[in-house]
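Reviewing the structure listed below.
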Amino acid sequence: MSGTGLLPPLAALYGAGVAARLSLYRAGVLRVRRAARPVVSIGNLAAGGAGKTPFVRWLAGELLARGVRPAILTRGYGRRSHGLVVVSDGAGTLAPVNESGDEPAVLARALPRVPVVADGNRRLAAARALAIAPNVAYFLLDDGFSHVALSRDADIVLLDATAPDAGGALLPAGRLREPLGSLARADFIVVTKSEQASPAPAVALAARHAPGVPVYHAVTEVTGLFGGRGETLRPEEVAGRALIAVAGLARPDAFAATLAALGIRPVASLAFRDHVHYGPSEVGRIERAAEEAGAGTIVTTEKDAVKLESVSALPLVTVAVRMRVVEPDFVSTLLAHLARRPS
């Protein structure tokens, strides 16, 4: 049997494992624990690419604007540390990116008033966050849909409008971490990247697998281009440079589309695996590709920039983006939902 032929049986085995694990939690064999504050999980069914961290960033900012202080609990994928790490205590970034992971580092920089704690055990992370900041009102669980060991008061599931069913197959045959039927556990469904593709297929998917669950729409917007000293750059100014595009993302094609929409056409592009560590091998590959293409500047994402800024000899241009839910009632509806939950 070829390697490709092995994928469906492996996916079936993976699916059986997922089903068994969830059933053990439902039966109480594996214990579900509660945190000392309400928990809002932001997750998706697929492996990467739906915009969970930008959504967490947006939602945390919206809560702060309403006078409500959240804390962010994350596993910290790609970090080179073990156990619990306080990425930020809500008064500034504490941990270096190698210890925190790229996405927690981006969140800590963007939200200096929000505690960010990384640990595979989210209950322990919640306890540490509360010890750091007793006035925290909510915990935001970044990439938490499948982390059912921690009880949640609201489950927000993101569906990527550009690939809502993630190929329709479980890992490793496709990108699904859980079957599409797991959407039924959601309290809210948000269709992300609605500006890039019609949300209709995602809305239909939600109606089929999670009838009655409210569906919202989110768009991704570029908020600015920034140089290495944090200076704001105009798109036309950047477009005139010889650039090499570098992205370590689950869906690097999305970054290419963002650059194209800005009128920026790099002379070369490199894609790395999601959460890549930029060590000597990766940096050397970038520098060789830049030299061969005649590029003198790297254009990259925020989560790549926090890692490249300390190791790259080439100047960086960072493309900053944000996610935003289009419907204005989303946050108020979420808070009303949380207020109805038993304490």
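In this chain, residues are counted from 1 in sequence order. These values consider heavy atoms only, across backbone and side chains, with no hydrogens, waters or symmetry-generated copies. Every value quoted in this text rests on a predicted model; they were computed, and no experiment measured them.
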For this session: Dump the intermediate steps for side chain to side chain contact (heavy atoms under 4.5 Å, CB included) on Val331 and Leu63, then the final yes or no.
Result: CA-CA 8 Å; Val331 177; Leu63 292 173; 4.3 Å; yes
According to a 4.5 Å side-chain heavy-atom criterion applied to Ile, Leu, Val, Met, Phe, Trp and Tyr, with indirect links allowed, do [X] and [Y] form part of one hydrophobic cluster?
| X | Y | value |
| --- | --- | --- |
| Leu130 | Val116 | no |
| Val56 | Val85 | yes |
| Tyr14 | Leu45 | yes |
| Val215 | Leu59 | no |
| Val213 | Phe330 | no |

[atom1]-[atom2] distance between [X] and [Y], expressed to the nearest 0.5 angstrom:
| X | Y | atom1 | atom2 | result |
| --- | --- | --- | --- | --- |
| Ser41 | Arg152 | OG | CZ | 4.0 Å |
| Arg265 | Leu243 | CZ | CG | 12.0 Å |
| Ile298 | Glu287 | CD1 | CD | 7.5 Å |
| Arg322 | Phe55 | CZ | CZ | 13.5 Å |
| Arg79 | Glu99 | CZ | CD | 9.5 Å |
| His147 | Arg75 | NE2 | CZ | 9.5 Å |

Any sub-3.5 Å donor-acceptor pair from [X]'s side-chain atoms to [Y]'s backbone N or O?
| X | Y | answer |
| --- | --- | --- |
| Arg69 | Arg113 | yes |
| Thr223 | Ala320 | yes |
| Glu231 | Arg229 | yes |
| Ser194 | Val191 | yes |
| Arg37 | Val136 | yes |
| Thr301 | Ala247 | no |
| Glu195 | Thr220 | yes |

What closest approach, in Å, do [X] and [Y] show between heavy atoms, and which atom pair accounts for it?
| X | Y | answer |
| --- | --- | --- |
| Gly296 | Leu314 | O-CD2, 3.8 Å |
| Gly168 | Leu176 | C-CD1, 3.7 Å |
| Val86 | Leu84 | CG2-CD2, 4.0 Å |
| Ala129 | Leu73 | CB-CD2, 4.3 Å |
| Pro38 | Ala137 | CD-O, 3.4 Å |
| Thr297 | Pro315 | CG2-O, 3.4 Å |

Can you label the angle between the Phe188 ring and the His337 ring as parallel, tilted or perpendicular, going by 30° and 60°?
perpendicular
Compare all side-chain heavy atoms of [X] with those of [Y] and state whether any distance is below 4.5 angstrom.
| X | Y | answer |
| --- | --- | --- |
| Ile156 | Leu334 | yes |
| Val246 | Tyr278 | yes |
| Val190 | Met323 | no |
| Val311 | Glu282 | no |
| Val148 | Val32 | no |
| Pro70 | Leu64 | yes |
| Phe255 | Asp304 | no |
| Val276 | Asp102 | no |

Requested in this report: Show your reasoning for whether salt bridge (charged side-chain N to carboxylate O under 4.0 Å, His left out) applies to Glu178 and Arg185.
Outcome: CA-CA 11 Å; Glu178 289 194 34; Arg185 301 205 312 269; 2.8 Å; yes
Item to check | Chi angles and distances behind the side chain to side chain contact (heavy atoms under 4.5 Å, CB included) call for Leu107, Val87 | outcome: CA-CA 9 Å; Leu107 289 169; Val87 182; over 6 Å; no
Checking Leu150, Asp155, Ile42, Val40 against Leu141 for side chain to side chain contact (heavy atoms under 4.5 Å, CB included), the one that qualifies is Leu150
Side chain to side chain contact (heavy atoms under 4.5 Å, CB included) filter on Ala12, not counting sequence neighbours, yields none
Check against side chain to side chain contact (heavy atoms under 4.5 Å, CB included), Leu262 and Val319
CA-CA 10 Å; Leu262 291 169; Val319 182; 4.3 Å; yes
Q: Decide side chain to side chain contact (heavy atoms under 4.5 Å, CB included) for Asn98 and His277; before the verdict, give the C-alpha distance in whole Å, the side-chain angles of both, and the deciding distance to 0.1 Å.
A: CA-CA 8 Å; Asn98 280 352; His277 169 71; 3.8 Å; yes
Inspect the contact between [Y] and [X] and indicate whether a charged nitrogen and a carboxylate oxygen are less than 4.0 angstrom apart.
| X | Y | result |
| --- | --- | --- |
| Arg66 | Glu62 | yes |
| Asp160 | Arg251 | yes |
| Arg109 | Glu302 | no |
| Asp142 | Arg122 | no |

**OP:** Count the heavy atoms belonging to other residues, nucleotides or ligands that lie under 6.0 Å from CZ of Arg21, then report whether that count exceeds 12.
**Re:** yes
Review point. Is atom CD of Glu327 surrounded by more than 12 heavy atoms (other residues, nucleotides or ligands) closer than 6.0 Å?
Key: yes
- Does NZ or CZ of Arg177 come closer than 6.0 Å to the centre of the six-membered ring of Phe145, within 45° of the ring's axis? no
